[in-house]
Structures are given as C-alpha cells and as structure tokens.
Asker: 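Here's a structure for you.
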Amino acid sequence: MTQRRDEEIRALRKGGQLEDAFDLAQQSLEEAADNIWLKREIGWVYYTKAKSLAEMGEIKAAIEVLKLVAAL
C-alpha cells in the first residue's frame, strides 16, 4: 500500500526531519492544493518550522513562515 503524502510529511516532521518535511510540503501543496488532509499536515509543518525559527531568534523568518500558514 502506498503511503499518502500527508502521512509521509507527518512521519518526516515527527522524525525530526523538519527541512525535508518542509520541502515536501511545499512541493505537495503545488501538486494538490485542494487536499484538506495535506493542508492540515502542511499547517503543522509550518507551525513547527516557525516555532523553531522563533526559538533561534529568527523572528523575521518565523513571520514569513506564518504568512504561509495564513495563505493556506
């Protein structure tokens, strides 16, 4: 059985591979912009990335990622 794209993104995010999850999420959103399950998982990736950036003091970069959430 093939793993759904949202499950693959979730596994990457939860496995600590945030950059890979972020890249795959960006690519997947372009391919299936109307998939609600994909959007939900992408939202979590964006949230996790923004949180990570904010914790590192990269506030402007975190805000840019939050803008991606708003665009969903």
Side-chain angles (χ1 to χ4, degrees):
M1 180 178 198
T2 336
Q3 189 177 29
R4 292 187 341 208
R5 188 60 63 98
D6 58 304
E7 292 173 345
E8 185 178 354
I9 293 168
R10 181 181 309 115
L12 287 170
R13 178 178 58 86
K14 288 188 173 190
Q17 297 173 304
L18 187 56
E19 289 304 317
D20 292 336
F22 185 80
D23 293 340
L24 185 57
Q26 291 289 94
Q27 175 189 357
S28 300
L29 187 58
E30 293 172 9
E31 296 170 1
D34 59 339
N35 183 327
I36 188 64
W37 295 106
L38 186 57
K39 283 184 176 183
R40 288 174 60 132
E41 193 55 46
I42 290 170
W44 280 110
V45 170
Y46 289 165
Y47 167 80
T48 306
K49 180 140 177 94
K51 181 180 175 186
S52 174
L53 288 167
E55 288 172 350
M56 292 186 304
E58 299 289 334
I59 303 303
K60 288 183 181 181
I63 290 171
E64 291 304 313
V65 172
L66 290 175
K67 287 179 183 178
L68 295 173
V69 174
L72 284 177

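Start at 1 with the first residue, then count along the sequence.
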Asker: So if you build clusters from Ile, Leu, Val, Met, Phe, Trp, Tyr with side-chain heavy-atom gaps below 4.5 Å, do M56 and I63 land together?
Answerer: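 Hydrophobic grouping puts M56 apart from I63.
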Asker: Would you say Y46 and K67 make side-chain contact, with heavy atoms under 4.5 Å?
Answerer: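 A side-chain contact under 4.5 Å is absent here.
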Asker: Does the distance from a Lys or Arg side-chain N to an Asp or Glu carboxylate O, for R10 and E7, drop under 4.0 Å?
Answerer: no
Asker: Report yes if the side chains of L38 and I9 come closer than 4.5 Å at any heavy-atom pair, otherwise no.
Answerer: yes
Asker: S52 side chain to T48 main-chain N or O, any donor-acceptor pair under 3.5 Å?
Answerer: no
Asker: Shortest non-hydrogen contact from L12 to A21?
Answerer: CB-CB, 3.8 Å
Asker: Side-chain heavy atoms under 4.5 angstrom apart, residues restricted to Ile, Leu, Val, Met, Phe, Trp, Tyr: same cluster for F22 and L72?
Answerer: yes
Asker: Linking I/L/V/M/F/W/Y whenever any side-chain heavy atoms sit under 4.5 Å apart, do L68 and L53 land together?
Answerer: yes
Asker: At their closest point, which heavy atom of A50 faces which heavy atom of A62, and how far apart are they?
Answerer: O-CB, 3.5 Å
Asker: Are E41 and R5 close enough for a salt bridge, meaning some N to O gap below 4.0 Å?
Answerer: no
Asker: Please report the interatomic distance NZ(K51) to CG(L66), rounded to the nearest 0.5 Å.
Answerer: 12.5 Å
Asker: Report the distance from atom CD of Q17 to atom CG of L24, rounding to the nearest 0.5 Å.
Answerer: 11.0 Å
